[in-house]
There are 2 protein chains.
Amino acid sequence: MFTPTAGRAVRQRAASEETRRQILQTALVLFRERGFDQTTMRDIAGRAGLALGAAYYYFKGKEALVGAYYDFVQQEHLVRARAAFAKGGGLRERLRAALHTKIDIMQGDQRLLRALFRYGGDPDHPLSWFGPASREQRQLSIGVFEEALAGEKLPDDVREVAPTLLWTLHMGVLLYFLYDESPSQRKTRTLIDDAVDFTVDAKRIATLPLMRSVRRRVLNILRVAGLLGETVPVATNL
Amino acid sequence: MFTPTAGRAVRQRAASEETRRQILQTALVLFRERGFDQTTMRDIAGRAGLALGAAYYYFKGKEALVGAYYDFVQQEHLVRARAAFAKGGGLRERLRAALHTKIDIMQGDQRLLRALFRYGGDPDHPLSWFGPASREQRQLSIGVFEEALAGEKLPDDVREVAPTLLWTLHMGVLLYFLYDESPSQRKTRTLIDDAVDFTVDAKRIATLPLMRSVRRRVLNILRVAGLLGETVPVATNL
DNA sequence: GACAAATTTTGAACATGTTCAGAAAAACAG
DNA sequence: CTGTTTTTCTGAACATGTTCAAAATTTGTC
């Protein structure tokens, strides 16, 4: 374990990761500076002090660089949201935190995010928002909202769908954010606060016992459509 | 007017349009056959019996071909939806028709549509779903839902937002359709029917006079966010 | 230290979207 | 019909994402 051999291996692994980090950082700087399309792989490699091929040794392609950024955002979101949750507060505060922290992280990267979103619609694409390739990512993202609801008393059926619905809201907010050119994305912040207020009220109404049949109806639509849970569907469909 | 000169001009214009149509048709055949990415501009030009540059003479680029397809879909949707509306029927029938006709047209073109959707997320892109570049297209699309509601008695505030909300639902259905691999997209059809039923009921409840304040609240959120109407916003914001 | 194996790096080559200067064809004016 | 202008078409050239065989470097083994 402490042999010089292992030591060398560790050093090399560290060096390798450092190079990888270097390339990614350079890429992000350039993406932010001049946009995704205007940045060539040659630019990135060159500015990182490497030949073109080296960039491809560390990243499968240009999109992989964006993918790595997205990984970072997800990770950071979990950390920040948890920190905010730890401070206590009611549902309203927790939902706000979940959404605001996400925007905090992405603030100033709208241009880059547009490049990411570009691939979202294609289910076959690894960076798709909804496709199977990004299921793991999506589950992590939904998990944040699950944690936001951790302390709430909720009917079982609501608890099952609420995180996914909140995630959908969050995607909507992101979409809005993408287009929001107001200073400091003030409009997105307002939208979040208003939407959360509305959501909290809606939750109060939706969880009333007398709403059970309405809930059942909506849930049934979603379930039949296969929009709930990503577990493998058994032959229980229509 | 009937000079041989004008006759020639007309003939040439017709020939030109024919070539354009030819290129577009060839492109669509190839897109459907082997997918958008796997089809090269050289393939298209070659199979249309032209040199590479000619394709670019008629279409600004590869995406323009997809854009032309989208134009066709929109036009066809309006025609088919109107035909269905003319047959009478209540709100439920009209909404179903508006959504089903759209899917009818796109049936079998999921692969192609994914390629189109790819560009949807980038507001700077001419093929974006929400960006200013496609505003006209979007207005046309929203117009179909406006017509679907033409006969309904609706409070003014509802009439103002309903078409846009229905359009949003329609985008959601489209997204679902994109991923729907059930035979004949049966699942999408079911989703449409269920969603329409729910919408019709929701409309009944939402238009009750005692819901006015709730409506006002929701509308306010949307309005502040600038999500309603695409008229130039005057300095009436927060 | 010397050799083998694994890792990292290089840069040329390729594929394909796009541009463009000019050739070819058609339309037009006299 | 002839010359001119406009439209259509050509194919070479270019930019850039990606691949890949081979070189360079590092690591592991003796």
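Letters A, B, ... are given to chains in the order of the sequence lines, protein chains preceding strands, and every chain is numbered from 1.
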In terms of side-chain geometry, is the basic nitrogen of B:Arg20 or B:Glu17 positioned less than 4.0 Å from the acidic oxygen of its partner? no
Measure from CE on B:Met41 to C1' on C:dT19 and round the result to the nearest Å. 12 Å
Could you tell me how far apart A:Gln38 (CD) and D:dA15 (P) are, to the nearest whole angstrom? 15 Å
Output the rounded distance in Å from CD (B:Glu63) to P (C:dT18). 6 Å
OH of B:Tyr58 versus P of C:dT18: gap in Å, rounded? 19 Å
Are B:Asp43 and B:Arg34 close enough, and set up right, to give a side chain to side chain contact (heavy atoms under 4.5 Å, CB included), and what steps lead you there? CA-CA 11 Å; B:Asp43 289 341; B:Arg34 47 177 108 151; 2.9 Å; yes
Looking only at side-chain N and O atoms, does A:Ser16 come under 4.0 Å of OP1 or OP2 in C:dT7? no
Would you indicate which nucleotide in C:dT10, D:dC9, C:dT7 comes nearest to any side-chain atom of B:Ala54? D:dC9
For A:Gly53, answer base if it contacts any base atom (sugar-phosphate contacts may also be present), sugar-phosphate if it contacts only those atoms, and nothing otherwise; contact means non-hydrogen atoms under 4.0 Å. base
Start with the C-alpha gap between B:Asp193 and B:Thr190, add the side-chain angles, then the distance that decides, and say whether side chain to side chain donor-acceptor pair (under 3.5 Å) holds. CA-CA 5 Å; B:Asp193 290 344; B:Thr190 305; over 6 Å; no
Without decimals, in angstroms, what is the distance between A:Asp37 CG and D:dT16 P? 11 Å
Would you give the length of the straight line joining atom CD of A:Gln185 to atom OH of A:Tyr179, rounded to the nearest 0.5 angstrom? 15.0 Å
On DNA chain C, compare the nucleotides closest to A:Leu50 and B:Phe36; which residue's is nearer the 5' end? A:Leu50
Separation of atom CZ in A:Arg34 from atom P in D:dT16, rounded to whole Å: 10 Å
A:Tyr56 has a side chain; which of D:dT16, D:dT18, D:dT8 sits nearest to it? D:dT18
B:Thr40 has its side chain closest, among D:dC9, C:dT8, C:dG17, to C:dG17
With a cut-off of 6.0 Å (strictly less than), are more than 12 heavy atoms of other residues, nucleotides or ligands near CD of B:Gln107? yes
Considering heavy-atom distances to DNA chain D, does B:Ala55 or A:Leu52 have its closest nucleotide positioned more toward the 5' end? B:Ala55
Whole angstrom value for the distance that separates P of C:dA15 from NZ of A:Lys62: 21 Å
Between P of C:dT18 and NZ of B:Lys60, the distance in whole Å: 9 Å
Looking at A:Tyr57, does any N or O in its side chain come under 4.0 Å of the phosphate oxygens OP1/OP2 on C:dT8? yes
